[in-house]
Amino acid sequence: MDDKKDLTKLLSKLKTFIEPDSSLEQYPTDPTTAANILWEAFMNDEIEHHLIADFGAGTGILGIGALAMGAEQVIFIEIDPRVFPILMENLYILEKETKQTFSNYKIIEGNVEAYDQPVEVVLQNPPFGTRKNHIDTTFLKKAIMLAPTVYTLHKTSTIDHVKDKATEYGGTVAEEKTLEMPLKNTMPQHIKDVEKIEVTLLKITS
Ligand code: SAH
């Protein structure tokens, strides 16, 4: 994968949640935003040959992108096993599209809160904490604890709080980028078909 356009094209072929569970805030990262995150990390030399964890992996767009960009290994951690058939299908799409086989990944069913294996980089679009209070900062705390480099996506409206928490957990905000992310109408409480929300990508080092 040698440019961001090819990466976006690959990611746009992946399947997403069929019946998203709103209590788990199953909102997928769209292909353009995912490619932005991955390209940033790739250009910083933090994907290729690195051990990466995808926290709250869902249907796997971030981890699959990392595999496509030459990660040494990707660990997908997800609490909801209902999404695993879609994640497996997406790994198959990755193989078909890149004409490569991948066995350098692990899929772990479980709560990020209970995960305890150090990695080099965490990529995450965590639940924003609108349904379960503080789940966003719970993900953040765990990520900073287990990885020296974390790429994490948050609602821009909460970013000051998230940055304060990152510092409290021993992290340093090394980069900050605001992006517009389309949120498709997949859940009954949404009114418009596609709503755009402002999100901020943080790179946190520790
Ligand atoms: N990473 C995916 C999904 C983001 S949505 C993407 O970027 O498209 C957030 C995901 O976190 C959902 O799949 C949800 O099921 C999962 N999740 C929520 N709480 C979790 C927890 N405590 N531990 C692990 N996964 C969790």
Side-chain angles (χ1 to χ4, degrees), residues 7-8 10-41 47 52-69 71 74-91 93-94 105-117 119 121-147 150-155 158 162 179-187 189-190 194 197 199-202:
L7 177 64
T8 312
L10 166 70
L11 298 179
S12 63
K13 300 216 158 102
L14 302 179
K15 303 281 187 329
T16 185
F17 299 108
I18 297 172
E19 286 178 0
D21 180 339
S22 65
S23 71
L24 290 171
E25 298 190 56
Q26 291 182 333
Y27 299 109
T29 311
D30 70 288
T32 305
T33 306
N36 276 325
I37 299 171
L38 288 157
W39 195 255
E40 185 67 31
I47 299 281
I52 309 231
D54 180 348
F55 277 7
T59 53
I61 192 165
L62 296 175
I64 287 174
L67 285 170
M69 307 297 287
V74 172
I75 302 171
F76 296 94
I77 302 151
E78 168 58 50
I79 203 165
D80 181 6
R82 292 181 318 136
V83 307
F84 291 146
I86 311 171
L87 175 56
M88 295 305 295
E89 189 181 345
N90 283 340
L91 286 158
I93 293 171
L94 166 73
Y105 62 83
K106 274 192 214 159
I107 299 174
I108 297 180
E109 177 185 342
N111 193 325
V112 158
E113 287 179 63
Y115 192 67
D116 63 1
Q117 298 298 306
V119 292
V121 180
V122 168
L123 303 175
Q124 60 176 20
N125 173 4
F128 290 147
T130 46
R131 295 296 296 263
K132 188 175 173 207
N133 270 344
H134 310 304
I135 187 73
D136 52 342
T137 48
T138 301
F139 266 62
L140 185 70
K141 184 176 188 179
K142 182 58 76 154
I144 293 172
M145 202 190 281
L146 295 178
V150 176
Y151 287 87
T152 186
L153 197 67
H154 297 269
K155 253 190 176 161
T158 65
V162 171
L179 307 162
E180 276 213 326
M181 185 162 92
L183 204 63
K184 282 207 186 120
N185 179 6
T186 50
M187 305 216 187
Q189 70 265 32
H190 292 158
V194 181
I197 59 159
V199 292
T200 300
L201 171 69
L202 296 179

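Order of listing sets the numbers, starting from 1, for every ligand and every atom in it.
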Using the salt bridge (charged side-chain N to carboxylate O under 4.0 Å, His left out) rule, collect all pairs that involve residues 132-142, keeping only residues at least two apart or in two chains. E113-K132

Using a cut-off of under 3.5 Å, which N/O atoms of ligand 1 pair up with protein N/O atoms, and what distance separates each pair?
from     : atom 1 : to   : atom 2 : distance (Å)
ligand 1 : 1 (N)  : G56  : O      : 2.8
ligand 1 : 1 (N)  : A57  : O      : 3.3
ligand 1 : 7 (O)  : T29  : OG1    : 2.5
ligand 1 : 8 (O)  : T29  : N      : 2.9
ligand 1 : 13 (O) : E78  : OE1    : 2.7
ligand 1 : 15 (O) : Q26  : NE2    : 2.9
ligand 1 : 15 (O) : E78  : OE2    : 2.7
ligand 1 : 22 (N) : N111 : OD1    : 2.9
ligand 1 : 23 (N) : V112 : N      : 2.9
ligand 1 : 25 (N) : I79  : N      : 3.4

Ignoring hydrogens and angles, state whether a donor on the side chain of T33 or N36 is under 3.5 Å from an acceptor on the partner side chain. no

With sequence neighbours left out, write down each residue that passes side chain to side chain contact (heavy atoms under 4.5 Å, CB included) with S12, or none if nothing qualifies. P31

Distance alone, cut at 3.5 Å: any donor-acceptor contact between the side chains of D54 and Q124? no

Which label fits Y115 and F55: parallel for a plane angle under 30°, tilted from 30 to 60°, or perpendicular past 60°? perpendicular

Qualifying residues under salt bridge (charged side-chain N to carboxylate O under 4.0 Å, His left out), relative to K15, sequence neighbours excluded: E89

